[in-house]
Amino acid sequence: MTNRLIGKRLKALREERGLTQEELAKVFGFNDRQTVSAIETGNRQVTAEELVLAVERLDSSLEYFTDPFLLAGEGRFSWRRTHIGPDQLEAYERKAGRWVAAFRTLAPQVGREAPLMRRKLNLFPRSRQEDAMRAGERFVEECDLGDTPATTLADVMERQLGILVLMVDADQGISGAACRLPELDAVLIARREVAGRRNFDLAHELFHILTWDAMPPERFEDALEKGGNRVEQLANCFAAAVLMPACVLERYGDWQGHSQSALIARLNGVADELHVTASALKWRLVALGFISTATARAIPDAALRHNGRDDTRDVLPAAFSESFMEVVGLAIGSGLVSVRRAAALLDTTVDELSGLFRVHGVACPVDL
């Protein structure tokens with residue numbers, strides 16, 4: 001594990017610095033690039049002296065090469081953001097990367113192997129919005145998400161698809177992210193967003209995970225950008241169909257022929273039942289032809305804000321996830337990580353760590 005880890009980190013740092021294997025060989029004083037290649041593939045062990053040399057001459061840290069709870073050149077993120085600069089976002093990415101890396105490292109050691117095969121959607125940049133919506137409808141049916149998909153989606157993503165889902169305390173301006181590693185997929189959602197936004201972001205990021213190879217998302221996505229690029233448009237169509245399947249909306253009867261006030265009340269009520277925003281429901285109905293574009297545009301945005309309530313009345317989800325805390329608990333119980341190290345990784349105190357186990361219904365591995 002250590003040889004492979006050091007090799008991966010060395011390759012990532014070499015590529016980041018724009019060095020060839022021949023140039024890196026000169027840094028170490030090797031006679032040829034084959035030695036560097038053997039190190040990068042994990043087939044040759046790095047001596048202590050060579051590791052110190054790498055730290056000094058590449059202006060890095062020992063932790064960079066040896067800490068498995070880091071993502072260093074191993075993970076790609078795609079962030080949904082609003083009015084937050086790249087420097088602040090990159091700083092948060094480093095913190096979030098430790099959570100993903102911790103799960104990536106510990107899960108296999110406690111018997112939670114990643115799925116052998118990744119699920120994919122048969123969609124491409126040339127796909128139509130109707131194709132994305134149809135894919136969302138099929139996803140609901142094949143994964144048996146039920147009549148209220150928003151309430152079961154995260155569990156299906158983790159238990160059936162092997163996608164790590166983390167509810168996190170994100171910096172202001174961060175809505176969520178998708179993360180792709182060679183051996184793991186993860187989705188991070190800002191848990192302090194209103195429920196409808198959280199659920200839509202979750203379905204939106206799921207699309208990116210399931211289409212990453214065919215349509216790699218941009219590293220930064222402006223969550224307030226109207227329309228977005230082609231990939232984001234398809235992601236929105238897929239998310240809307242997952243959370244608001246046509247067969248479910250049809251059960252509410254005819255959506256036309258109502259006064260505006262009656263339609264607004266209906267939109268707000270149904271949106272609450274489906275755990276989505278009334279605005280997202282309105283445009284989903286337009287896409288299905290259940291109401292006209294003119295009718296939708298005539299409805300004031302303020303009438304649908306917070307689904308017509310003065311406050312959100314939202315129950316804040318617990319941080320991280322049950323499966324994540326199960327892995328952390330098993331790792332502590334197996335002696336793979338100490339309680340204090342686990343608390344530091346999660347950016348919590350020991351008492352807060354105990355509370356996380358309790359709120360997720362996970363047995364504490366030791367007396368905290």
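Since this is a predicted model, take the numbers as computed values, not measurements. For the single chain, residues carry numbers from 1 onward in sequence order.
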Can you see which heavy atom on [X] is nearest to which on [Y], and at what distance?
X: Val231; Y: Phe207; result: O-CE2, 3.8 Å
X: Leu346; Y: Val328; result: CD1-CG2, 4.5 Å
X: Val140; Y: Val242; result: CG2-O, 3.2 Å
X: Ile264; Y: Pro300; result: CD1-CD, 4.4 Å
X: Leu53; Y: Val27; result: CD2-O, 3.9 Å
X: Leu145; Y: Thr152; result: O-OG1, 2.8 Å

Between the side chains of [X] and [Y], is a donor N or O closer than 3.5 angstrom to an acceptor N or O?
X: Glu273; Y: Thr148; value: no
X: Asn307; Y: Asn268; value: no
X: Ser259; Y: Ser261; value: yes
X: Asp351; Y: Thr349; value: no
X: Glu232; Y: His204; value: yes
X: Trp79; Y: Glu93; value: yes

Heavy-atom count check: over 12 atoms from other residues, nucleotides or ligands less than 6.0 Å from [X] [atom1]?
X: Glu141; atom1: CD; answer: no
X: Arg159; atom1: CZ; answer: yes
X: Arg118; atom1: CZ; answer: yes
X: Asp301; atom1: CG; answer: no
X: Gln45; atom1: CD; answer: no
X: Asn122; atom1: CG; answer: no
X: Glu218; atom1: CD; answer: no

Heavy-atom side-chain contact between [X] and [Y] under 4.5 Å:
X: Thr277; Y: Leu304; value: no
X: Asp254; Y: Phe290; value: no
X: Leu234; Y: Met215; value: yes
X: Trp255; Y: Val270; value: yes
X: Ile209; Y: Leu161; value: no

For Phe69, enumerate each residue passing the ring pair (Phe, Tyr, Trp, His ring centres under 6.0 Å) test, keeping only those at least two apart in sequence or located in another chain.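 Per chain and number, Phe69 pairs via ring pair (Phe, Tyr, Trp, His ring centres under 6.0 Å) with no residue.
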Is the shortest side-chain N to carboxylate O distance from [X] to [Y] below 4.0 Å?
X: Arg112; Y: Glu326; answer: yes
X: Arg98; Y: Asp67; answer: yes
X: Glu193; Y: Arg80; answer: no
X: Arg284; Y: Glu137; answer: yes

Tell me whether Leu316 is reachable from Ile189 by hopping between hydrophobic residues (I, L, V, M, F, W, Y) whose side-chain heavy atoms are closer than 4.5 Å. no
Contacts of type side-chain contact (heavy atoms from CB on, under 4.5 Å), residue Val168, not counting sequence neighbours: Tyr92, Trp99, Leu166, Ala170, Leu188
Listed partners of Arg126 passing salt bridge (charged side-chain N to carboxylate O under 4.0 Å, His left out), at least two apart: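 Testing Arg126 for salt bridge (charged side-chain N to carboxylate O under 4.0 Å, His left out), a comparison that skips the adjacent residues, returns none.
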SG (Cys179) and CZ (Phe77) are apart, to the nearest 0.5 Å, by 3.5 Å
Partner of Glu40 under salt bridge (Lys or Arg N to Asp or Glu O under 4.0 Å), chosen from Arg14, Lys8, Lys11, Arg9: Arg14
Decide salt bridge (Lys or Arg N to Asp or Glu O under 4.0 Å) for Asp201 and Arg198; before the verdict, give the C-alpha distance in whole Å, the side-chain angles of both, and the deciding distance to 0.1 Å. CA-CA 5 Å; Asp201 286 343; Arg198 284 198 309 268; over 6 Å; no
